[in-house]
There are 2 protein chains.
Amino acid sequence: MNTNKNKTLIEIGNNIRSLRLSRNLSQEQLAFEVGLHRTYIGAVERGEKNITILNLIKIKNALNVSMSQIYIEREE
Amino acid sequence: MNTNKNKTLIEIGNNIRSLRLSRNLSQEQLAFEVGLHRTYIGAVERGEKNITILNLIKIKNALNVSMSQIYIEREE
DNA sequence: ATGTAGACTCAAGTCGACC
DNA sequence: TGGTCGACTTGAGTCTACA
């Protein structure tokens with residue numbers, strides 16, 4: 001559907017995925033803790049969705065990490 | 001409309017506002033640089049809108065600050 | 001220069017199903 | 001367990017206008 005995958009979103013998604021995996025959580029478990037849908041978490045991890053800040057904060061809290069571990073700023 | 005103003009969104013909005021002001025930018029100028037609408041920037045500053053991560057990144061870049069200056073994490 | 005309001009569009013986010 | 005699809009609802013984001 002969305003071939004229009006943004007680089008930043010892909011990075012964020014990859015970070016969420018590896019953090020989730022390192023916690024031994026399934027997408028379903030993370031979705032449940034965060035109160036989002038399982039298919040949506042999947043889409044975010046694949047960088048297909050431009051997540052809102054409040055939901056991103058919920059995810060980072062569920063993963064018990066700081067924002068800088070999910071969104072890594074580069075010098076520009 | 002939205003009496004349901006979230007504390008985190010209000011904080012983010014306040015931070016954006018004071019950062020914008022310290023740059024001597026109007027909402028209109030910031031909106032133009034970021035490619036968002038002036039009325040929307042206003043709503044974000046008032047904490048009325050749950051902005052998406054990509055737009056938040058655009059704003060922080062336009063203000064030339066790091067994410068941690070806009071979204072301040074508290075220990076929990 | 002900003003707040004608010006209303007009407008609008010389209011993407012965020014839900015949900016159930018199947019592979 | 002995770003990807004994808006389709007139909008759906010809600011809310012992000014636009015735009016014009018007026019105070």
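Quick note: numbers below take in every heavy atom, side chains included, and nothing from hydrogens, waters or symmetry partners. Labels below follow one simple rule: chain letters A, B, ... track the order of the sequence lines, proteins then strands, and each chain is numbered from 1. Everything numeric here is computed off the predicted structure, so don't read it as measured data.
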Options C:dT2, D:dG2, C:dT4, nucleotide nearest the side-chain atoms of B:Arg17: C:dT2

Write down the distance between OH (A:Tyr40) and P (C:dG16), rounded to a whole number of angstrom. 18 Å

Rounded to the nearest Å, what distance is computed from the CD atom of residue B:Glu28 to the P atom of nucleotide D:dA17? 15 Å

Between C:dT2, D:dG2, D:dA17, which nucleotide has the shortest distance from any of its atoms to the side chain of B:Arg20? C:dT2

Check the distance between C:dA12's C1' and B:Asn55's CG and give it to me in whole angstrom. 12 Å

Which nucleotide in the list D:dT4, D:dT14, C:dT2 gets nearest to the side chain of B:Leu36? D:dT14

Is there a side-chain contact between B:Gln29 and the phosphate of C:dA1, meaning an N or O under 4.0 Å from OP1 or OP2? no

In whole angstrom, give the distance that lies between atom CG of A:Leu56 and atom C1' of C:dG13. 15 Å

Mind checking if A:Thr52 touches a base, just sugar-phosphate, or nothing, with heavy atoms under 4.0 Å? sugar-phosphate

Strictly distance-based, threshold 3.5 Å: is any side-chain N or O of B:Arg20 a donor or acceptor partner for the main-chain N or O of B:Leu63? no

Record whether the side chain of A:Arg38 comes under 3.5 Å of the base of C:dG16 through a donor-acceptor pair of N or O atoms. no

In this structure, which one of A:Asn50, A:Asn6, A:Ile70 forms a side chain to side chain contact (heavy atoms under 4.5 Å, CB included) with B:Ile53? A:Asn50

Can you tell me the distance, in whole Å, between the CD1 atom of B:Ile16 and the C1' atom of C:dT2? 16 Å

Between B:Ser66 and B:Gln69: side-chain donor-acceptor atoms closer than 3.5 Å: yes

Between B:Asn50 and B:Leu25, which is nearer to the 5' end of DNA chain C once each is assigned its nearest nucleotide? B:Leu25

Separation of C:dG13 P from B:Ile51 CD1 (nearest whole Å): 13 Å

Candidates A:Glu45, A:Arg38, A:His37 - the one meeting side-chain hydrogen bond (donor to acceptor under 3.5 Å, both in side chains) with A:Gln27: A:Glu45

A:His37 NE2 - C:dA11 P separation (whole Å): 21 Å

How close or far is atom C1' of D:dG11 from atom CG of A:Leu54, stated in whole angstroms? 12 Å

Looking at A:Glu33 and A:Lys58, does any basic side-chain N land under 4.0 Å from a carboxylate oxygen? no

So how far off straight is the helix from C:dT2-D:dA19 to C:dC19-D:dG2, going by the axes through five pairs at either end, to 10°? 50°

Among the nucleotides D:dA12, D:dG3, D:dT16, which one has an atom lying closest to any side-chain atom of B:Thr39? D:dT16

Might you point out which heavy atoms bring B:Glu11 and B:Ile72 nearest each other, and give the distance in Å? OE1-O, 4.5 Å

Between A:Met67 and A:Ile57, which heavy-atom pair has the shortest distance, and what is it? CE-CG1, 4.0 Å

